[in-house]
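Counting begins at 1 with the first residue of the sequence. All values below come from the heavy atoms of this structure, side chains included, with hydrogens, waters and symmetry mates left out.
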Amino acid sequence: QVQLVESGGGLVQAGGSLRLSCATSGRTFGNYAIGWFRQAPGKEREFVEAISGSGGLTSVADSVKGRFTISRDNAKNTVYLQMNSLTPEDTAIYYCAARSRFMRIMKQDEYDYWGQGTQVTVSS
């Protein structure tokens with residue numbers, strides 16, 4: 001069982017930055033690919049970015065490419081999502097999720113474990 005806890009959300013003005021964290025316990029954290037997803041009000045949850053267990057592979061949605069960066073520190077059992085140049089369209093609940101393989105990484109149905117989410121609100 002993998003438990004994921006997101007943190008770092010909050011209220012920020014357009015153009016600002018936030019760094020989200022996804023922390024977990026367990027000795028096998030490095031075996032899991034981690035993905036970030038988000039769900040805006042009235043919209044379906046969508047893929048944002050993902051990273052392989054080793055950190056050597058990443059995948060990013062076009063909507064955040066060049067603005068968001070995913071990274072991980074397996075010694076700290078934590079994955080980060082650095083979000084820059086935020087716009088009101090980035091307002092959503094952000095979730096991290098874990099799965100064992102870096103395959104079909106954008107498909108949320110492929111993920112086995114999910115966190116509770118953290119709210120990000122970007123004001124104009």
Side-chain angles (χ1 to χ4, degrees):
Q1 189 77 7
V2 176
Q3 293 184 328
L4 304 171
V5 179
E6 303 95 335
S7 63
L11 175 64
V12 64
Q13 289 187 334
S17 298
L18 283 174
R19 188 177 78 160
L20 305 183
S21 298
C22 173
T24 186
S25 57
R27 296 173 295 173
T28 61
F29 177 69
N31 293 343
Y32 289 91
I34 302 294
W36 283 99
F37 293 79
R38 67 185 182 184
Q39 187 166 20
K43 295 186 178 181
E44 293 186 353
R45 190 160 56 186
E46 65 176 2
F47 172 79
V48 176
E49 197 157 2
I51 190 167
S52 63
S54 67
L57 298 174
T58 61
S59 180
V60 59
D62 289 341
S63 59
V64 304
K65 191 173 294 183
R67 300 189 298 123
F68 291 11
T69 303
I70 194 170
S71 62
R72 68 189 297 156
D73 185 342
N74 285 345
K76 296 182 178 179
N77 286 355
T78 303
V79 169
Y80 304 99
L81 184 68
Q82 179 66 44
M83 307 187 296
N84 299 327
S85 302
L86 286 162
T87 73
E89 288 68 38
D90 296 315
T91 295
I93 300 174
Y94 283 71
Y95 300 88
C96 66
R99 59 161 300 173
S100 59
R101 294 186 177 184
F102 194 77
M103 294 176 61
R104 297 183 293 278
I105 205 69
M106 298 183 181
K107 302 294 185 181
Q108 52 186 300
D109 292 346
E110 299 283 346
Y111 287 79
D112 301 308
Y113 306 101
W114 289 83
Q116 294 300 307
T118 186
Q119 176 71 49
V120 171
T121 303
V122 184
S123 63
S124 58

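Residues Tyr95 and Glu6 are in side-chain contact: their nearest non-hydrogen atoms beyond the backbone lie under 4.5 Å apart. Side-chain atoms of Tyr113 and Tyr32, non-hydrogen and from C-beta on, do get closer than 4.5 Å to each other. Counting heavy atoms from C-beta on, the side chains of Gln13 and Leu86 never come closer than 4.5 Å. The shortest distance between side-chain heavy atoms of Arg38 and Ser63 falls below 4.5 Å. Taking 4.5 Å as the limit, every side-chain heavy atom of Met83 sits out of range of all side-chain heavy atoms of Asp90. In this structure, Thr87 and Arg67 have side chains that are in contact, with non-hydrogen atoms separated by less than 4.5 Å.
Listed here is the closest heavy atom pair of Asn74 and Asn77: O-OD1, 3.1 Å. Lys76 approaches Thr78 most closely through the heavy-atom pair O-OG1, 2.8 Å. Closest of all the heavy-atom pairs between Ile70 and Ile34 is CD1-O, 4.0 Å. When every heavy atom of Ser85 is checked against every heavy atom of Ser17, the shortest pair comes out as N-OG, 4.3 Å. Across every non-hydrogen atom of Thr91 and Pro41, the tightest pair is O-CD, 4.2 Å. Ser21 and Trp36 make their closest contact through O-CH2, 3.6 Å (heavy atoms, listed as atom of the first residue, atom of the second, distance).
Under the 3.5 Å distance criterion, the side-chain polar atoms of Ser52 are left unmatched by any main-chain donor or acceptor of Ala33.
Grouping the Ile, Leu, Val, Met, Phe, Trp and Tyr side chains by contacts below 4.5 angstrom, directly or via other members, places Val122 with Leu20. Phe47 and Tyr94 are not part of a single hydrophobic cluster, where members link through side-chain heavy atoms under 4.5 Å apart. Under a hydrophobic clustering in which Ile, Leu, Val, Met, Phe, Trp and Tyr are joined whenever their side-chain heavy atoms come within less than 4.5 Å, directly or via other members, Phe68 and Val120 fall into the same cluster. In this structure, Ile93 is a member of the same hydrophobic cluster as Tyr111, with clusters built from ILVMFWY side-chain heavy atoms closer than 4.5 Å. Hydrophobic clustering (ILVMFWY, side-chain heavy atoms < 4.5 Å, transitive): Val48 and Leu18 are in one cluster.
Aromatic ring orientation, Trp114 versus Phe37: tilted (interplanar angle from 30° to 60°).
Within 6.0 Å of CD on Gln116 lie no more than 12 heavy atoms contributed by other residues, nucleotides or ligands. Counted within 6.0 Å of CD on Gln39, heavy atoms from surrounding residues, nucleotides or ligands total more than 12; the atom is thus considered enclosed.
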Report, one line per pair, each donor and acceptor closer than 3.5 Å where one atom sits in a side chain of residues 96-106; sequence neighbours left out.
| from | atom 1 | to | atom 2 | distance (Å) |
| --- | --- | --- | --- | --- |
| Arg99 | NE | Arg101 | O | 2.6 |
| Arg99 | NH1 | Met103 | O | 2.4 |
| Arg104 | NE | Glu110 | OE2 | 3.0 |

Pair Phe29-Arg72, side-chain contact (heavy atoms from CB on, under 4.5 Å): steps then yes or no: CA-CA 10 Å; Phe29 177 69; Arg72 68 189 297 156; 3.2 Å; yes
Test side-chain contact (heavy atoms from CB on, under 4.5 Å) applied to Glu49 and Leu81, step by step: CA-CA 8 Å; Glu49 197 157 2; Leu81 184 68; 3.7 Å; yes
